[in-house]
Amino acid sequence: AEYIIKYFFDSLAMRDYINAYTLLGSEWQTKTNYQDFREDYIHVDRAIINSIESDYLDDENVIKLTLVTDIFVRESIEKVIKETYNYVFTIGYENDLLKVLDGKRDLINSVETETSDT
């Protein structure tokens, strides 16, 4: 499950939005079309996972991942914003493949950084 989430963020950093989108479960994809998903992440330069905890929920047969992540968002050539988020993802099997079934994020902090930091 942790590998799937790291791969998700690596795909976003490489601007491989299609690959990141395919990691989402079908219910999440039904709620969010590809264009909206891409727009939400298109300005992300990189992501750094600061901490990650996993918890297997036996009764649901899923893994709940909680992580704190720094997302560097480029607003212009000179301006980069570092946003720190608390993410909670649910990872489980769908059609015999591990998928990101659900997720939410809460902004913890947002600061402007120097462009050389990215």
Can you confirm whether the side chains of D102 and T90 place a donor and an acceptor under 3.5 Å from each other? no
Going by heavy atoms in the side chains, are [X] and [Y] under 4.5 Å from each other?
X: V80; Y: V73; answer: no
X: D55; Y: L57; answer: yes
X: Y85; Y: D106; answer: no
X: R105; Y: N86; answer: no
X: E112; Y: K79; answer: yes

Give every residue pair that meets the salt bridge (charged side-chain N to carboxylate O under 4.0 Å, His left out) criterion with at least one member in residues 8-26, sequence neighbours excluded. R15-D45
Could you identify which residues cluster with V88, counting Ile, Leu, Val, Met, Phe, Trp and Tyr as linked when any side-chain heavy atoms lie under 4.5 Å apart, either directly or through a chain of such contacts? none
Kindly check if the number of other-residue, nucleotide or ligand heavy atoms within 6.0 Å of [atom1] ([X]) is above 12?
X: N109; atom1: CG; answer: yes
X: I18; atom1: CD1; answer: no
X: D59; atom1: CG; answer: yes

All N/O donor-acceptor pairs, side-chain side in residues 61-72, below 3.5 Å, sequence neighbours left out:
from, atom 1, to, atom 2, distance (Å)
N61, OD1, Y56, OH, 2.6
D70, OD1, N50, ND2, 3.3
D70, OD1, T84, OG1, 2.7
D70, OD2, N50, ND2, 3.2

Can F8 be reached from I52 by stepping across I, L, V, M, F, W or Y side chains whose heavy atoms are under 4.5 Å apart? yes
In terms of hydrophobic clustering (I, L, V, M, F, W, Y; side-chain heavy atoms under 4.5 Å; direct or indirect links), are I4 and Y93 co-clustered? yes
Do any N or O atoms from the side chain of T22 and from the backbone of N19 form a donor-acceptor pair under 3.5 angstrom? yes
Hey, does the side chain of N33 reach the backbone of Q35 with a donor-acceptor pair shorter than 3.5 angstrom? yes
Where [X] and [Y] come nearest, the two heavy atoms and their spacing:
X: E94; Y: S26; answer: OE2-N, 2.9 Å
X: K6; Y: I49; answer: CG-CD1, 3.9 Å
X: L24; Y: Q29; answer: O-NE2, 3.4 Å

Under the ring-ring contact (aromatic ring centres under 6.0 Å, His included) test, which residues partner Y21, sequence neighbours left out? Y34, F37
Check ring-ring contact (aromatic ring centres under 6.0 Å, His included) between Y7 and all other residues, then give those that pass, not counting sequence neighbours. Y3
Output field: ring centroids Y87/F9 closer than 6.0 Å: yes
With E53 via salt bridge (charged side-chain N to carboxylate O under 4.0 Å, His left out) - residues at least two apart: none
Let me confirm one number: the CD-CG distance from E27 to L101, rounded to the nearest 0.5 Å. 8.5 Å
Take I5 and I91 through the test side chain to side chain contact (heavy atoms under 4.5 Å, CB included) and record every step on the way to the result. CA-CA 9 Å; I5 290 303; I91 311 296; 3.7 Å; yes
Side-chain ion pair, D40 and R38, N-O less than 4.0 Å: no
With side chain to side chain contact (heavy atoms under 4.5 Å, CB included) as the criterion, how do L107 and E83 come out once you've worked through the C-alpha distance, each side chain's angles and the decisive distance to 0.1 Å? CA-CA 7 Å; L107 182 64; E83 299 175 337; 3.8 Å; yes
